[in-house]
2 protein chains.
Amino acid sequence: MGHSQSDKLRTHERILDVAANRFRERGIEGVSISEIMKEVGITVGGFYKHFSSREALVAEAVSVAFEDTADWNELAKYQLNKAIDQYLSSAQHDNLESCAAFTCLAADIRRSNPATRDIFNRNLEEALAAVEQGLGRNNTARRAHKAATIFATLVGASLLARGTSDEKLARVLLSSVSQELHFTYFSEIVPSL
Amino acid sequence: MGHSQSDKLRTHERILDVAANRFRERGIEGVSISEIMKEVGITVGGFYKHFSSREALVAEAVSVAFEDTADWNELAKYQLNKAIDQYLSSAQHDNLESCAAFTCLAADIRRSNPATRDIFNRNLEEALAAVEQGLGRNNTARRAHKAATIFATLVGASLLARGTSDEKLARVLLSSVSQELHFTYFSEIVPSL
DNA sequence: ATTATCTATAGATCTATAGATAATGC
DNA sequence: ATTATCTATAGATCTATAGATAATGC
């Protein structure tokens, strides 16, 4: 039974990591505090020394889930075509834990409190700006339109591919979208994923 | 207290309609049977004369939610550009009840049982086929790619727009995507939504 | 002395069932 | 006679809190 303050900090972070993963995997309403604490390895009673309420955990855990998207944003800024491939190929893996926060949490966040929804807003703006930057200096007039469309396409394709239990359909969908995006925005013919 | 068989049929359908709306609005896990029955105007005890379990209700209600998409599919087959506008403009309304089943239920269905997931698979195939048909006879080689991309874009844009609480951002996103899709696939410049 | 964690539990809510009631339909 | 609906409740589970225990840190 460790009680040091550094232990507490580590526990706090472990709770957040587990919650961020389970929320993406089973939905924000689909995971109980006791399940999270069991996975962390601490009993339920300890939870409220770390978070004032379940809602407070949700807000922090959603924020953590979006931290994973920061790397993708950087890739999108400088190598957008690679970022597109990465987004679509990650949706092929059955690994819901590492699901992009937009794809797996958007519907749940819509039903959350204002603080949690603000996190979504900020991250959406950042993702759109990253894609826009990745498009470079051509077509200035339509660049924002293109960025919104590309990002919406990635999220939609990923959502639909993860939603279907027909794995072949999922692969065809992701591959089709990948090829079409590259064709339209990079004038490239690419091999299938 | 009506007990006729036609009353029972109507009650059954009312339960399904209410469930289909509330599931889209608050998530499949976010609505209790008692809430649904209260809205229908019948007590909880009556529920199990209509459905063997909650899961059975989910499967039937998801099916009902997707019935609403049949009209859109018909529109997509013969007037795809209008169908695109309709999909994106419906996402502007804050009316979660009438949320397209793909947008609002995909993440929840992913966590449902195989019967429910099959309904999703079938409807996804139908929607993709409808968009493909709507694209007409040009570009046969890339038609499936285009259809998948257009539909994924609609779903993603609708999901993101509904997820954000920044209404201005939602409008800009939907308008951008609408203009870009028309420009890319119909070579049309369209007025904003 | 303080506090991170544990044990235990209160109060709410959820799914599902049992038995009563009051209509339908033979 | 059958059965759609109602009343009541069992059993499970969830959030949150109270008080005990055992470490840390002054």
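Sequence lines set the chain letters: A, B, ... in the order given, protein chains first and strands last, and positions in each chain run from 1. Values in this document were obtained by computation on a predicted structure and should not be read as measured data.
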Query raised in the report: Are the charged groups of K38(A) and E35(A) less than 4.0 angstrom apart, N to O?
Result: no
Query raised in the report: Has H50(A) got a side-chain N or O lying under 4.0 Å from the OP1 or OP2 atom of dT5(C)?
Result: yes
Report task. Please check if the side chain of R24(A) supplies one atom and the backbone of A20(A) the other of a donor-acceptor pair under 3.5 Å. Result -> yes
Report summary line: Applying ring pair (Phe, Tyr, Trp, His ring centres under 6.0 Å) to H50(B) and not counting sequence neighbours gives H12(B)
Report summary line: Rounded to whole Å, NZ of K49(B) lies from C1' of dA20(C) at a distance of 12 Å
Report task. Scan T43(B) against the nucleic acid and name what it touches under 4.0 Å (heavy atoms): base, sugar-phosphate only, or nothing. Result -> base
Query raised in the report: Rounded to the Å, how far apart are M37(A) CE and dA4(C) P?
Result: 12 Å
Requested in this report: Return the 5'-most residue of the pair I42(B), S34(A) with respect to DNA chain D, ranking by each residue's nearest nucleotide.
Outcome: I42(B)
Requested in this report: Look at T11(A) and dT5(C) and indicate whether a side-chain polar atom (N or O) is within less than 4.0 Å of OP1 or OP2.
Outcome: yes
Query raised in the report: R122(B): what forms a side chain to side chain donor-acceptor pair (under 3.5 Å) with it, not counting sequence neighbours?
Result: none
Query raised in the report: For DNA chain C, which consecutive runs of 3 or more Watson-Crick or G-U pairs (each distance under 3.5 Å) count as stems?
Result: C:1-24 with D:1-24
Query - Partner residues of T103(B) under the side chain to side chain donor-acceptor pair (under 3.5 Å) criterion, sequence neighbours left out - result: Y87(B), S158(B)
Report task. Measure from NZ on K8(B) to P on dA4(D) and round the result to the nearest Å. Result -> 4 Å
Can you tabulate the close N/O pairs, meaning under 3.5 Å, that link protein atoms to atoms of nucleotides 16-18 of chain C?
from	atom 1	to	atom 2	distance (Å)
dA16(C)	OP2	Y48(B)	OH	2.8
dA16(C)	OP2	R54(B)	N	2.9
dA16(C)	O5'	Y48(B)	OH	3.3

**Report entry** Atom-pair distance (CD on E29(B); C1' on dC14(D)), nearest Å
**Finding:** 14 Å
Report task. Considering only NZ, NE, NH1 and NH2 on the basic side and carboxylate oxygens on the acidic side, decide whether D17(B) and R14(B) come within less than 4.0 Å. Result -> no
Query raised in the report: Could you give all pairs that pass the ring pair (Phe, Tyr, Trp, His ring centres under 6.0 Å) test and reach residues 18-46 of chain B, with sequence neighbours left out?
Result: none
Query raised in the report: Tell me: CD1 of I28(A) to P of dC14(D), nearest whole Å?
Result: 17 Å
Query raised in the report: Do Q86(B) and S90(B) get their side chains close enough for a donor-acceptor pair, meaning under 3.5 Å?
Result: no
Query raised in the report: Between atom CD1 in I15(B) and atom P in dT15(C), what is the gap in whole Å?
Result: 13 Å
**Report entry** Length of the CD1-C1' vector between I36(B) and dT15(C), whole Å
**Finding:** 12 Å
Report task. Round to a whole Å and report the spacing from CG of L57(A) to P of dT15(D). Result -> 10 Å
Query raised in the report: So, S63(B) side chain and A59(B) main chain: donor-acceptor pair closer than 3.5 Å or not?
Result: no
